Amino acid sequence: MDSISNTREFDIVKNGQSVYEMDKIDSEIKDLQTKKTERETTIKFLIWIMAIIFAGAAVSYLLVWVYRQKKKLDESYRNLFSMNKRLAENHEQASAQYRECIELLNIRDEEIRRLKSNIDSKKISNEPSIDYGKEHDKYNNSNLSEEMKGKILRSINDIMDNSLEYRNKNFTLDRLAEMVESNTRYVSQIINGTYNKNFNNFVNEYRIRVACQRLTDKTNFGNHTINAIGQSVGFNSNTTFSAVFKKLTGMTPSVYQKLAYEATE
């Protein structure tokens, strides 16, 4: 009986020990699982932190790169503005010198006409004298003489430099030919041969030069829109004005105006 009792007590103790050990193992497993979960959470958190750091570094690098590129672009625009300003100043000086030359040439032509008139008056001849001022005599031949080309060219430049006709939206090759008392074919040939450009490009350069002056004139044109300034020099639309302006100056009218205002501050 004692043996049976001892056996039962041993089984009870053994089972209790087993339960205790199982509980302990379960507890350790749970602790391991908890630590594993914590480690995974920590690793994920660190990964997020690293991702944020790398993203921040990438954004910072990108911002620095964009800033440097913008700085270079601004410097390029400032250089272009300075070049255009110098070109405008050189054009004004060249125009003044050209006007002086024209005056001298006109004096010379007048002297030549006077001498020719004196010679013709002394001739005894029934042959009618040639009137070089008549249109049909100017263009009786298909080819213009150098003298006549020079005369037409001086008339073209005089109109472009001393009149406001080219700022009219309806200014055409026909109108310019009419003003210089010539025809469109000769006027077009002279412009192409002298300046290596067609009529539209020739006129647009004059218009853009005036536009540049007005874009820098804050006192008189500071309250004008870009479109209004474009129309004031002969462009029908803001799109055309902006496209031609950028083609000739390398920048848009708004950027040119901004740089001009900055230069005067």
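All figures in this text were calculated on a predicted structure; none of them were measured in a lab.
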Hey, does [Y] have a side-chain heavy atom less than 4.5 Å from the side chain of [X]?
X	Y	answer
Leu259	Met251	yes
Ile156	Phe202	yes
Val244	Thr240	yes
Glu205	Leu248	yes

Does Lys149 form a side-chain contact (heavy atoms from CB on, under 4.5 Å) with Gln189? I'd like the steps, not just the answer. CA-CA 10 Å; Lys149 286 180 182 178; Gln189 285 178 354; over 6 Å; no
Looking only at atom types and distance, does a side-chain atom of [X] sit under 3.5 Å from a main-chain N or O of [Y], one as donor and one as acceptor?
X	Y	result
Ser155	Lys151	yes
Asn162	Asp158	yes
Ser242	Thr239	no

Linking I/L/V/M/F/W/Y whenever their side-chain heavy atoms sit closer than 4.5 Å, directly or via other members, would Tyr195 and Val203 fall into one cluster? yes
For Leu164, all residues meeting side chain to side chain contact (heavy atoms under 4.5 Å, CB included), sequence neighbours excluded: Arg167
Which residues pass the side-chain hydrogen bond (donor to acceptor under 3.5 Å, both in side chains) test with [X], sequence neighbours left out?
X	answer
Asn201	Asn198
Lys246	none
Arg207	none
Thr184	none

Contact summary for Thr249 and Cys212, nearest pair of heavy atoms: CG2-SG, 4.2 Å
How far apart are the closest heavy atoms of Leu215 and Ala260, and which atoms are they? O-CB, 4.4 Å
According to ring pair (Phe, Tyr, Trp, His ring centres under 6.0 Å), does anything in residues 149-177 pair up with another residue at least two apart or in another chain? List the pairs. Tyr166-Tyr206, Phe171-Phe199
Hey, mind stepping through Lys197 and Asn192 against side-chain contact (heavy atoms from CB on, under 4.5 Å) and telling me if it holds? CA-CA 5 Å; Lys197 60 191 67 173; Asn192 274 274; 5.9 Å; no
Just to verify, what does Lys258 make a salt bridge (charged side-chain N to carboxylate O under 4.0 Å, His left out) with, not counting sequence neighbours? Glu262
What is the distance from atom [atom1] of [X] to atom [atom2] of [Y], rounded to the nearest 0.5 Å?
X	Y	atom1	atom2	value
Ile190	Ile152	CD1	CD1	4.0 Å
Ile159	Arg154	CD1	CZ	13.0 Å
Asn238	Gln231	CG	CD	8.0 Å
Ile191	Leu173	CD1	CG	6.5 Å

Side-chain polar contacts of residues 41-55 - donor-acceptor pairs under 3.5 angstrom, sequence neighbours left out - could you list them?
| unit_1 | atom_1 | unit_2 | atom_2 | d |
| --- | --- | --- | --- | --- |
| Thr41 | OG1 | Thr37 | O | 2.8 |
| Thr42 | OG1 | Glu38 | O | 2.8 |

For the pair Asn168 and Arg175, evaluate side-chain contact (heavy atoms from CB on, under 4.5 Å) and give the outcome as yes or no after the intermediate values. CA-CA 11 Å; Asn168 189 317; Arg175 175 57 180 155; over 6 Å; no
For the NZ atom on Lys247, are there more than 12 heavy atoms of other groups (residues, nucleotides or ligands in this structure) within a distance under 6.0 Å? no
Thr252-Ser254 side chain donor-acceptor pair, cut-off 3.5 Å: yes
If only side-chain N and O atoms count, and only distance matters, is there a donor-acceptor pair under 3.5 Å linking Asp161 with Asn157? no
Can you name the residues that form a ring-ring contact (aromatic ring centres under 6.0 Å, His included) with Phe245, not counting sequence neighbours? Phe241, Tyr256
Donor-acceptor pairs under 3.5 angstrom involving side-chain atoms of residues 218-230: please list them, not counting sequence neighbours.
| unit_1 | atom_1 | unit_2 | atom_2 | d |
| --- | --- | --- | --- | --- |
| Asn220 | ND2 | Asp217 | OD2 | 2.9 |
| Thr225 | OG1 | Ala228 | N | 3.0 |

